[in-house]
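To start, the structure itself, in structure tokens.
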Amino acid sequence: MEIIPLLQKELEQEVIATRKLLSLVPTAKFDFKPHEKNMTMKQLAVHIAELAGWISMGLHTEGLDFAAQTYEQAEVSSTQDILDLFDKSLAEGKEALANAKEEDLLPTWTMSMGEQVLMKLSKYEVIRHALGQMIHHRAQLGIFLRMLNVPLPKTYGPTADDSSF
């Protein structure tokens with residue numbers, strides 16, 4: 001069994017629901033955060049939009065050292081900017097998967113903070129982690145949107161706002 005086609009299929013399925021939710025982020029509510037410990041809606045949406053790019057990063061790097069690399073979140077000023085960022089990240093992830101070989105999924109990838117190892121994963125697991133993060137944070141975004149009374153579209157099935165199949 002080849003894993004890459006399965007990852008490509010899963011990515012295609014998850015981006016449909018992700019795009020739906022990202023398209024609902026109201027620009028006027030970019031600064032909304034339901035709790036002081038939460039990211040703002042803008043920060044959360046940008047993070048979600050960038051996650052598909054982690055597929056390329058996972059396949060093309062040995063790891064990520066937060067102590068050696070500074071991260072600046074992409075600047076966006078509209079919902080369309082978020083969707084454009086998502087499209088860019090998605091294109092990078094799709095291209096990386098399309099050009100990968102099964103054996104490219106096997107090497108170890110390390111996330112660290114200087115000498116402190118935060119996680120060691122196979123490159124396959126990095127891709128699955130990125131997809132899991134996309135799903136996890138998309139659910140958080142759904143809660144943010146619900147709190148703002150934004151009707152939620154169906155993802156895996158109907159929501160209270162969209163009961164159609």
Side-chain angles (χ1 to χ4, degrees), residues 2-60 64 66 71-98 100 105 109 111 118-119 121-165:
E2 292 190 348
I3 302 298
I4 291 172
L6 297 174
L7 290 169
Q8 290 170 316
K9 181 179 179 184
E10 185 176 2
L11 178 62
E12 287 298 328
Q13 292 169 336
E14 293 306 329
V15 300
I16 294 167
T18 302
R19 182 179 308 285
K20 283 180 189 179
L21 258 65
L22 289 175
S23 72
L24 297 175
V25 173
T27 303
K29 296 294 186 176
F30 270 6
D31 292 330
F32 174 75
K33 60 195 272 185
H35 188 275
E36 65 187 42
K37 293 183 181 181
N38 287 112
M39 291 183 261
T40 65
M41 182 172 288
K42 177 181 174 181
Q43 291 168 322
L44 180 59
V46 169
H47 180 56
I48 294 166
E50 293 177 331
L51 282 167
W54 278 60
I55 295 168
S56 177
M57 180 186 61
L59 286 168
H60 295 129
L64 176 61
F66 289 111
Y71 168 75
E72 290 185 33
Q73 195 170 55
E75 188 54 44
V76 297
S77 58
S78 69
T79 303
Q80 186 59 54
D81 288 349
I82 293 169
L83 292 170
D84 292 344
L85 177 61
F86 180 62
D87 289 340
K88 178 181 178 285
S89 299
L90 180 57
E92 291 169 5
K94 284 181 174 182
E95 181 180 1
L97 272 177
L105 301 175
W109 186 90
M111 181 184 286
L118 303 173
M119 65 173 71
L121 304 170
S122 70
K123 291 189 176 209
Y124 162 76
E125 291 170 314
V126 172
I127 296 167
R128 284 293 310 121
H129 185 75
L131 290 168
Q133 287 290 297
M134 185 185 298
I135 295 162
H136 164 75
H137 289 301
R138 187 178 71 216
Q140 284 182 312
L141 181 59
I143 293 169
F144 281 35
L145 293 168
R146 172 66 74 211
M147 293 177 78
L148 294 172
N149 293 315
V150 174
L152 298 178
K154 63 183 175 184
T155 52
Y156 300 122
T159 68
D161 301 310
D162 179 3
S163 60
S164 65
F165 272 95

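These numbers come from the heavy atoms of this one structure, side chains and all, not from hydrogens, waters or symmetry mates.
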Side chain to side chain, [X] and [Y], heavy atoms closer than 4.5 Å:
X      : Y      : value
Leu83  : Ser23  : yes
Leu7   : Arg128 : yes
Lys94  : Ile55  : no
Leu11  : Leu90  : yes
Met41  : Leu145 : yes
Tyr71  : Leu64  : no
His129 : Gln133 : yes
Ile135 : Tyr156 : yes

What's the separation between atom [atom1] in [X] and atom [atom2] in [Y], rounded to the nearest 0.5 Å?
X      : Y      : atom1 : atom2 : value
Leu22  : Asp84  : CG    : CG    : 11.5 Å
Leu141 : Leu152 : CG    : CG    : 8.5 Å
Lys123 : Ile127 : NZ    : CD1   : 9.0 Å
Lys29  : Met147 : NZ    : CE    : 11.5 Å
Met39  : Ile48  : CE    : CD1   : 7.5 Å
His47  : Leu44  : NE2   : CG    : 7.5 Å

For a quick test of reading the model, state the closest non-hydrogen atom pair linking [X] to [Y] and the distance between them.
X      : Y      : answer
Pro151 : Asp161 : CA-OD2, 3.4 Å
Ile82  : Ala49  : O-CB, 3.7 Å
Trp109 : Gly58  : CD1-O, 3.6 Å

Notebook entry, point to check: Given the rule in the side chain to side chain contact (heavy atoms under 4.5 Å, CB included) test, do Phe144 and Val150 qualify, once you have shown the distances and angles that lead to the verdict?
Noted result: CA-CA 9 Å; Phe144 281 35; Val150 174; over 6 Å; no

Note to self: Determine whether Thr155 and Lys20 satisfy the following criterion, side chain to side chain contact (heavy atoms under 4.5 Å, CB included), listing intermediate values before the conclusion.
What the structure shows: CA-CA 8 Å; Thr155 52; Lys20 283 180 189 179; 5.5 Å; no

Next item on the list: List in chain and number order the residues that pass side chain to side chain donor-acceptor pair (under 3.5 Å) with Thr18, two or more places apart in sequence or in another chain; answer none if no residue qualifies.
Entry: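 Arg138.
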
Next item on the list: Quickly, which of Ile3, Leu59, Ile4 forms a side-chain contact (heavy atoms from CB on, under 4.5 Å) with Tyr124? Name it, please.
Entry: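 In the set Ile3, Leu59, Ile4, the residue that makes a side-chain contact (heavy atoms from CB on, under 4.5 Å) with Tyr124 is Ile3.
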
Margin query: Are there over 12 heavy-atom neighbours, none belonging to Lys88, within less than 6.0 Å of that residue's NZ?
Written below: no

Next item on the list: Kindly check if the number of other-residue, nucleotide or ligand heavy atoms within 6.0 Å of CD (Glu95) is above 12?
Entry: no

Notebook entry, point to check: Can any side-chain N or O of His60 pair as donor or acceptor with the backbone N or O of Ser56 at less than 3.5 Å?
Noted result: yes

Notebook entry, point to check: Glu125 side chain to Ser122 main-chain N or O, any donor-acceptor pair under 3.5 Å?
Noted result: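 Side chain of Glu125 to backbone of Ser122, a donor-acceptor pair under 3.5 Å: yes, one is there.
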
Next item on the list: Would you mind listing every ring pair (Phe, Tyr, Trp, His ring centres under 6.0 Å) that reaches into residues 77-98, with sequence neighbours excluded?
Entry: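 Output for this query is empty, none listed.
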
Any side-chain donor paired with an acceptor under 3.5 Å for [X] and [Y]?
X      : Y      : result
Ser89  : Glu92  : no
Thr79  : Thr27  : yes
His137 : Gln140 : yes

